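Worksheet for the structure shown next.
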Amino acid sequence: MKKCFLVILACLLGISGSGCAVTQVLENKAENQKHAEEISKKLIRYINKKDVDGIEKLFNQYSQNEDKLREDIKDFLDCIDGEIEDYNFNYRGDVSSSIRDGKWTKQETETKLENIITDTEKKYHINFGEYMIYTEDKDKEGIVYLILYDEKQEFIFGICYE
């Protein structure tokens, strides 16, 4: 009977301890989703304004150091016909992550902007990936890739410096 009680007690302690970790993960996901929504709104605004500087600042420092980033952004913008009037936000969440000593050390997320419709009736999809946390190299925090697809989700243009 004592052994059974100890096993149950150990299980309860393990569950209660992991409950904090689960809460931390859920809170982190909610914060990341809110951040992704804000970045998505900025990205759409910059696309509509053809704002190369604005889009460039969304990329991580590592990407900003690439000589051809600005030209790639211009080419990306040239592929979009019209101004974006509507889209669906789809936050995919973590694509990869690491936790060390109870703290996030690396966290990469993906966001999809689906069913984009422009004022010229063109339809697109945009995916972007972002390192939310990269403690070993802060220059890698920010957008690392930006990909444009047509309405059939066939690749049109992509920017990626990883």
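Bear in mind that the values here come from a model prediction, so they are computed numbers and not experimental data.
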Test Lys140 against Glu108 for salt bridge (charged side-chain N to carboxylate O under 4.0 Å, His left out), laying out the working first.
CA-CA 10 Å; Lys140 291 190 176 183; Glu108 182 181 8; over 6 Å; no
Does the side chain of Leu113 come within less than 4.5 Å of His125's, by heavy atoms?
no
Working to the nearest 0.5 angstrom, can you tell me the gap between Leu146 CG and Cys160 SG?
10.0 Å
Between Asn88 and Glu114: side-chain donor-acceptor atoms closer than 3.5 Å:
no
So, for Ser96 and Lys106, which heavy atoms are closest and what is the spacing to 0.1 Å?
OG-CE, 3.9 Å
Ignoring hydrogens and geometry, is there a side-chain-to-backbone donor-acceptor pair from Thr105 to Ser98 under 3.5 Å?
yes
Heavy-atom pair with the smallest gap, counting every atom of Tyr124 and Asp81:
OH-N, 2.9 Å
Verify, without hydrogens or angle tests, whether Thr118 (side chain) and Gly82 (backbone) share a donor-acceptor contact under 3.5 angstrom.
no
Whether Glu56 and Arg70 form a salt bridge (side-chain N of Lys/Arg under 4.0 Å from carboxylate O of Asp/Glu) is what I want to check.
yes
Under 3.5 Å side-chain donor-acceptor pair for Tyr145 and Glu130:
no
For residues Val95 and Val144: do they belong to one hydrophobic cluster (side chain heavy atoms under 4.5 Å, members Ile, Leu, Val, Met, Phe, Trp, Tyr)?
no
Report yes if some heavy atom in the side chain of Thr111 is under 4.5 Å from a heavy atom in the side chain of Ile126; otherwise report no.
no
Below 30° counts as parallel, above 60° as perpendicular, anything between as tilted: where do the rings of Tyr134 and Tyr131 land?
perpendicular
Rounded to the nearest 0.5 Å, how far apart are CG of Leu43 and CZ of Phe128?
6.5 Å
Do Phe76 and Leu148 have side chains that get closer than 4.5 Å, going by heavy atoms?
yes
Given the rule in the side-chain contact (heavy atoms from CB on, under 4.5 Å) test, do Asp53 and Tyr46 qualify, once you have shown the distances and angles that lead to the verdict?
CA-CA 9 Å; Asp53 292 333; Tyr46 296 152; over 6 Å; no
With no hydrogens and no angle check, just 3.5 Å: does a side-chain donor-acceptor pair link Asn60 and Gln64?
no
Going from NE2 on His35 to OG on Ser40, what distance comes out if it is rounded to the nearest 0.5 angstrom?
9.0 Å
For Lys138, is the NZ atom crowded, meaning more than 12 foreign heavy atoms sit under 6.0 Å from it?
yes
Can you tell whether the side chains of Asp51 and Arg45 come within less than 4.0 Å, N to carboxylate O?
no
In Å, rounded to the nearest 0.5 Å, how long is the span from CD of Glu83 to CD1 of Ile47?
11.0 Å
For Ser63 and Ile143, work out which heavy atoms get closest and say how close.
OG-O, 4.0 Å
Any chance you could measure Glu85, atom CD, to Asn48, atom CG, to the nearest 0.5 Å?
8.5 Å
Show the numbers, then the answer: is there a side-chain contact (heavy atoms from CB on, under 4.5 Å) between Glu141 and Tyr62?
CA-CA 8 Å; Glu141 291 180 358; Tyr62 179 82; over 6 Å; no
Are more than 12 heavy atoms from other residues, nucleotides or ligands located less than 6.0 Å from atom CD of Glu38?
yes
One pair to check against side-chain contact (heavy atoms from CB on, under 4.5 Å): Asn65 and Gln61. What are the steps and the verdict?
CA-CA 6 Å; Asn65 291 338; Gln61 189 61 50; 3.1 Å; yes
Go through the side-chain N and O atoms of Tyr161 and Asp72 and say whether any donor and acceptor fall under 3.5 Å apart.
yes
Arg92 CZ to Lys112 NZ distance, which is reported to the nearest 0.5 Å
4.5 Å
Ion pair check, Glu71 and Lys74, cut-off under 4.0 Å:
yes
Is the number of heavy atoms from other residues, nucleotides or ligands under 6.0 Å of Lys50 NZ greater than 12?
yes
Let's go through Tyr87 and Asn115 carefully: what are the C-alpha distance in whole Å and the side-chain angles of both, what is the deciding distance for side-chain contact (heavy atoms from CB on, under 4.5 Å) to 0.1 Å, and is it a yes or a no?
CA-CA 5 Å; Tyr87 66 95; Asn115 305 314; over 6 Å; no
